[in-house]
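Each chain gets a letter, A, B and so on, in the order its sequence line appears, and its residues count up from 1.
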Amino acid sequence: MNIEKYLADAVRQSLQTLYGVTPSEEQLQIAKTKREFDGDFTLVVFPLLKISKKKPEDTAHEIGEHLQKSVETVDSYNVIKGFLNISFSPAFWCNMLNTAAQTPNFGFAKPESSATVKMVEFSSPNTNKPLHLGHIRNNLLGYSISRVLEANGHKVLKVNLVNDRGIHICKSMIAWQRFGNGETPASSGKKGDHLVGDYYVIFDREYKKQIEELKSKGLSEDEAKAQAPLMIEAQEMLRKWEAKDPEVYQLWSTMNGWVYDGFDVTYKALGIEFDKIYHESETYLLGKKIVAEGLDKGVFHKKENGSVWCDLLADGLDEKLLLRADGTSVYMTQDLGTAVQRFSEYHLDDHIYVVGNEQEYHFQVLRLILSKLGYDWSNHLYHLSYGMVQLPEGKMKSREGTVVDADDLVDEMKATAREMSQELGKLDELTEQEANDIVNMVGLGALKYFILKVDPKKNMTFNPKESIDFNGNTGPFIQYTHARIQSVLRKAADAGIEVPTTVDKVDIGEKERELIKMLHMFPSVVQQAGEQLSPALAANFAYELVKEYNQFYHDYTIIKESNELVRGLRLVLSREVANVIRQAMWLLGIDVPSRM
RNA sequence: GGUCCGGUAGCUCAGUUGGAUAGAGCAUCAGCCUUCUAAGCUGAGGGUCAUAGGUUCGAAUCCUAUCCGGAUCACCA
């Protein structure tokens with residue numbers, strides 16, 4: 001039950017009785033009462049003055065009085081200026097705790113048989129370099145939002161479109177051929193994606209040398225770039241690849257294989273998996289048919305040199321190229337093709353692309369072109385556009401070596417977690433296996449929470465020198481609270497104290513009331529996170545809940561409480577808070593330990 | 001130049017469809033472990049919510065303009 005809705009209905013009834021008028025949706029403003037005032041929920045009466053035709057305070061008193069008399073669960077009220085603060089009875093809150101405790105997967109919508117199917121595309125790495133911090137944000141967001149949508153009762157398909165072809169891949173290949181001396185992951189012990197990435201950097205370095213050399217012979221910058229032998233070789237290799245030259249294909253699949261082995265390790269470390277992996281080498285020709293279709297319909301036009309365009313000037317955008325003069329396709333062509341294919345193959349309701357905000361224009365155009373072509377699902381494409389991860393010095397640049405490598409970062413986080421745990425003596429009585437599990441959970445939890453707590457659309461700054469915190473508003477703090485609760489529950493069980501199945505009506509304290517209230521906010525947080533495609537909402541909620549619980553934990557005794565009913569309430573409450581913490585963290589892809 | 005996004009405490013970030021005296025964490029300072037896990041709790045200091053107008057009972061939130069930062073407008077992806 002949604003408590004605010006319940007109260008809104010009651011208020012509506014009261015207004016009907018008192019003034020004979022039913023207020024509109026926006027006239028009924030109910031919010032959680034602010035901390036500094038007494039009450040559970042607050043009705044803002046200003047918008048109702050037109051109905052009551054009385055002063056704010058008088059209106060508030062009238063409504064409060066009526067609510068108190070007519071609604072059994074309303075205990076008391078107070079009025080401050082135009083705000084009516086309403087308190088529910090302890091019995092009501094005990095009841096609310098019971099419903100939460102008795103609802104399996106409280107806060108998550110039940111998956112319906114008629115559930116809508118949503119495809120989430122994320123990660124989408126290039127196979128010429130290892131993943132870095134920017135990719136981590138993408139992966140964590142994509143994975144988390146998939147879970148959020150599942151929690152909203154949708155069927156979700158997580159897909160990855162690997163960019164495994166193109167000139168940038170050829171650059172690594174050329175560099176390896178020229179300078180690699182047959183190096184393999186097995187021969188040098190390097191992780192495959194890092195090995196290939198190193199050759200991408202080598203290509204860039206050698207290419208720059210050639211450019212300088214040509215420029216010293218009097219060529220212009222542009223001429224030098226175009227005529228450098230390495231670039232010519234790379235382009236030649238791309239042509240051979242497209243012609244499926246066996247030798248080039250062999251090298252290409254070998255080197256990509258190394259990269260995939262490397263990626264697998266990284267994905268596994270991050271706890272990320274997909275339902276389906278697409279490869280651009282298999283999809284890059286898709287969409288040419290769509291282009292032909294668009295030409296027939298007159299939506300696109302062909303220029304003299306044979307290139308095909310879509311004119312979007314009337315929509316406030318530019319002309320968009322869809323096929324080059326030589327008939328080869330561009331990124332947009334492929335995305336048109338894959339979108340059409342996916343919607344027809346999987347009967348998708350929605351398609352969400354987790355892609356950085358630098359591609360907003362691309363997705364705007366994609367939607368627009370699809371709608372011009374008459375695909376009525378075009379407005380079911382969503383771009384979960386997220387901001388850049390910056391270093392204090394600014395943007396990360398792979399070629400300048402200023403990137404924060406994903407594998408390194410994960411390793412560092414785990415190492416820090418281990419150090420910290422040892423310092424605090426948290427690992428003392430555990431087996432090595434248990435200790436490892438906890439350290440991995442905490443290290444990853446810190447990293448994931450750090451990234452996901454920030455609103456996706458905002459740029460974020462990561463300072464490698466100040467390592468990610470483990471105290472305060474952090475993943476470990478939330479994990480710690482969960483472990484703390486589990487410890488209490490264990491101790492209770494050891495003492496032979498049972499956690500009751502239902503809570504009897506009993507007087508409740510301030511913190512208990514507040515916690516139950518917060519638990520009941522969880523379902524709408526899940527819903528909002530889904531609507532806004534923002535895991536950050538779940539993260540912030542988890543933090544608020546945990547902070548509240550720790551105050552409760554500090555101020556109240558649980559196991560040692562002598563009143564059995566009160567003890568029962570606190571145990572049920574604790575267990576339920578732990579459950580909601582676990583659920584909220586699950587949405588973020590973060591595991592919670594039962595001890596740490 | 002056009003379009004889009006952002007600007008809140010020294011730093012990193014919250015701030016529901018406009019609501020009460022703008023909140024956390026980090027950092028700084030001062031307290032709390034013989035009591036269920038101190039990765040915790042309590043307190044202090046720290047703000048022209050970029051700026052100027054406007055809308056109204058009420059604006060960090062909505063509108064307009066300006067300033068600053070970022071992204072984008074490729075026969076790149």
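- Rounded to whole Å, the separation between the P atoms of B:G25 and B:U34 comes to 25 Å.
- With RNA chain B read from its 5' end, the first of the two nearest nucleotides for A:Lys547 and A:Val454 is the one closest to A:Val454.
- Going from the C1' atom of B:A50 to that of B:C68 covers 7 Å, rounded to whole Å.
- Between A:Tyr284 atom OH and A:Asp335 atom CG the span is 16.0 Å, to the nearest 0.5 Å.
- Base contact: A:Gln29 has a heavy atom under 4.0 Å from a base atom.
- Using a cut-off of 4.0 Å between Lys/Arg side-chain N and Asp/Glu carboxylate O, A:Arg35 and A:Glu548 are scored as salt-bridged.
- For the P atoms, the distance from B:A14 to B:A9 is 13 Å, rounded to whole Å.
- Side-chain atoms of A:Thr33 and A:Thr42 form a donor-acceptor pair, as typed in the model, at a separation below 3.5 Å.
- Here A:Val330 lies in heavy-atom contact (under 4.0 Å) with sugar-phosphate atoms only.
- Rounded to a whole angstrom, the distance from the C1' atom of B:C57 to that of B:C4 is 35 Å.
- The residue A:Ser524 sits apart from the nucleic acid: no heavy atom pair falls under 4.0 Å.
- Here A:Tyr553 lies in heavy-atom contact (under 4.0 Å) with a base.
- Nucleotides B:G45 and B:G6 have their P atoms positioned 33 Å apart, rounded to a whole Å.
- Heavy atoms of A:Ser421 sit under 4.0 angstrom from at least one base atom.
- Nucleotides B:A74 and B:U12 have their C1' atoms positioned 36 Å apart, rounded to a whole Å.
- Each of A:Met332 and A:Ala417 lies near RNA chain B, and the nucleotide nearest A:Ala417 is the one positioned closer to the 5' end.
- Between B:A22 and B:C76, the two C1' atoms lie 45 Å apart (nearest whole Å).
- Using a 4.0 Å heavy-atom cutoff across all strands shown, A:Ala483 reaches at least one base atom of the nucleic acid.
- Dashed line: the shortest gap from a side-chain N or O of A:Lys491 to OP1 or OP2 of B:U37 is under 4.0 Å.
- Contacts of A:Asn128 with the nucleic acid, taken as non-hydrogen atoms under 4.0 Å apart, are absent.
- Comparing the same atom, C1', in B:U56 and in B:A38 gives a spacing of 50 Å after rounding to whole Å.
- Residue-level contact check: A:Met460 touches the backbone only, with heavy atoms under 4.0 Å from sugar-phosphate atoms and none from bases.
- Its glycosidic angle being more than 90° from 0, B:C62 falls on the anti side.
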